[in-house]
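Counting convention: from 1, in listed order, for ligands and their atoms alike. The basis for the numbers below is simple: all heavy atoms, side chains too, and nothing from hydrogens, waters or symmetry mates.
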Amino acid sequence: MSAAGNTTRVLVTGATGGIGRATCVELIRQAKSEGKAVSIAAVASRSGAALEALTAELNSLGARAIGLHANLADAASCVQLIDDATAFCGGLDALVSNAGITRPAPLADQTVEDWDTVFSVNTRATWLLARAARKALAESRGAIVAVASMSGMYPHPGYGAYSASKAALLMLCRQLAQEWAADGIRVNTVSPGMIRTPLTERVYQNEEVAARREAMVPLGRIGRPEDIARAVAYLLGDHAAYVTGENLRVDGGLCDRFLGTIPGVARA
Ligand SMILES: NC(=O)c1ccc[n+]([C@@H]2O[C@H](COP(=O)([O-])OP(=O)(O)OC[C@H]3O[C@@H](n4cnc5c(N)ncnc54)[C@H](OP(=O)(O)O)[C@@H]3O)[C@@H](O)[C@H]2O)c1
């Protein structure tokens, strides 16, 4: 990630969630370790205590942070967010399109309204944010990372439009990477496996389910928001200067486990 002078300027959506907050904190940690300052526009859907607490935390960690709120399902709001973020930060080096939602349902029962909402937040918002940020990112030769999901690579029965929306997000980012490489803008995705965050916390409250899930992961544990945050920071950073159009799966080996579960095959 390039930086204006000595300041890294970032917009992170879904910032009050588990992965978004961890990403903001990791980007501050990384910038500090490189002797840089950070300006962060932290975006949530709502104003209120959670966004205020996050903004205060990021400022206390040494960033210059602003909390912005908007419904990413609304197209005009995506453009406004970029305007507000670039005005606050004085430009933009990185866009982290992390916000995502689920509307679980068998596809036979999913409502059209829920389908459209899931695609608007999980897929279309990344395109609209990226498009609005293109000029600023071209000026800084900046980078975009979108947070997709293992569900974008494997069908997720019962999850309604979620898998399709994340699969579309993966291809959207690969296409953006091709179209904007000449502008010096890199575009990549991170696909989390099972991560314990407010989105999934209810499931992990059930200790038996949590233990069964953990047992499925080759690396032996459920992922932490910090695991994803470090992957995002890597893809935004200079160590990934020659990486674009890539998807980094961060799942503890979960998705590749399948063939090893087939009965009757010798185990290593
Ligand atoms: N957790 C997992 O196991 C997992 C696995 C695979 C992929 N992912 C992906 O990782 C990303 C982050 O997940 P997470 O677990 O950290 O989620 P989370 O804790 O539920 O946080 C979601 C964030 O998105 C924001 N948001 C939701 N709807 C929005 C909207 N319409 N407009 C603007 N902001 C909105 C929320 O803001 P408010 O709180 O203000 O509504 C919140 O900041 C998502 O894209 C998710 O699909 C997560």
In terms of hydrophobic clusters joined by side-chain contacts under 4.5 Å, are Ile195 and Leu199 together?
no
In the single-linkage hydrophobic clustering (I, L, V, M, F, W, Y; side-chain heavy atoms under 4.5 Å), do Leu72 and Val187 co-cluster?
yes
Heteroatom distance test ([X], ligand 1): nitrogen or oxygen, under 3.5 angstrom:
{"X": "Ala73", "result": "no"}
{"X": "Ser149", "result": "no"}
{"X": "Gly20", "result": "no"}
{"X": "Gly18", "result": "yes"}
{"X": "Val43", "result": "no"}

Exercise: identify the closest heavy-atom pair between [X] and [Y]:
{"X": "Pro198", "Y": "Gly18", "value": "CD-N, 3.6 Å"}
{"X": "Ala99", "Y": "Asn122", "value": "O-OD1, 4.4 Å"}
{"X": "Ala42", "Y": "Leu54", "value": "CB-CD2, 3.8 Å"}

Closest protein heavy atom (residue, atom, distance) for [atom]:
{"atom": "atom 47 (O) of ligand 1", "value": "Tyr162 OH, 2.6 Å"}
{"atom": "atom 16 (O) of ligand 1", "value": "Ile19 N, 2.9 Å"}
{"atom": "atom 21 (O) of ligand 1", "value": "Gly17 CA, 3.2 Å"}
{"atom": "atom 23 (C) of ligand 1", "value": "Gly14 CA, 3.4 Å"}
{"atom": "atom 43 (O) of ligand 1", "value": "Thr16 OG1, 2.7 Å"}
{"atom": "atom 37 (O) of ligand 1", "value": "Ser45 N, 3.4 Å"}

Is [X] close enough to touch ligand 1? Criterion: a residue heavy atom under 4.0 Å from a ligand atom.
{"X": "Lys166", "result": "yes"}
{"X": "Gly193", "result": "yes"}
{"X": "Ser151", "result": "no"}
{"X": "Asn98", "result": "yes"}
{"X": "Ala70", "result": "yes"}

Pair Arg186 + Glu246: basic N to acidic O under 4.0 Å
no
Taking only Lys NZ, Arg NE, NH1 and NH2, and the carboxylate oxygens of Asp or Glu, determine whether Arg230 and Glu226 approach each other closer than 4.0 Å.
no
Pair Asn247, Thr189 - check side-chain hydrogen bond (donor to acceptor under 3.5 Å, both in side chains), show working.
CA-CA 5 Å; Asn247 175 46; Thr189 51; 2.9 Å; yes
Calculate, to the nearest 0.5 Å, the distance between atoms CZ and CD1 belonging to Phe119 and Ile101 respectively.
11.5 Å
Supply the atom-to-atom distance Leu68 CG to Thr13 OG1, rounded to the nearest 0.5 angstrom.
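If I round to the nearest 0.5 Å, the distance is 11.5 Å.
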Out of Ile228, Asp251, Ile101, indicate the one that has the non-hydrogen atom closest to atom 28 (N) of ligand 1.
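Going through Ile228, Asp251, Ile101 one by one, Ile101 has the nearest heavy atom to atom 28 (N) of ligand 1.
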Which option out of Gly152, Ala44, Ala148, Gly223 puts a heavy atom nearest to atom 9 (C) of ligand 1?
Ala148
Side chain, backbone, both or neither: which part of Leu199 comes within less than 4.0 Å of ligand 1 when only heavy atoms are counted?
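Both backbone and side chain.
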Applying a heavy-atom cut-off of 4.0 Å, say which part of Val121 lies close to ligand 1: side chain, backbone, both or neither.
side chain
Could you check whether atom CZ of Arg221 has more than 12 heavy atoms from other residues, nucleotides or ligands sitting under 6.0 Å from it?
yes
Scan Glu207, Arg202, Glu201 and name whichever one has a side chain to side chain donor-acceptor pair (under 3.5 Å) with Gln205.
Glu201
With heavy-atom distances below 4.0 Å as the criterion, list the atoms of ligand 1 near Val147.
9 (C), 10 (O), 11 (C), 45 (O)
Taking Thr102 for the side chain and Pro104 for the main chain, is one N or O donor matched with an acceptor at less than 3.5 Å?
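No: the side chain of Thr102 does not pair with the backbone of Pro104.
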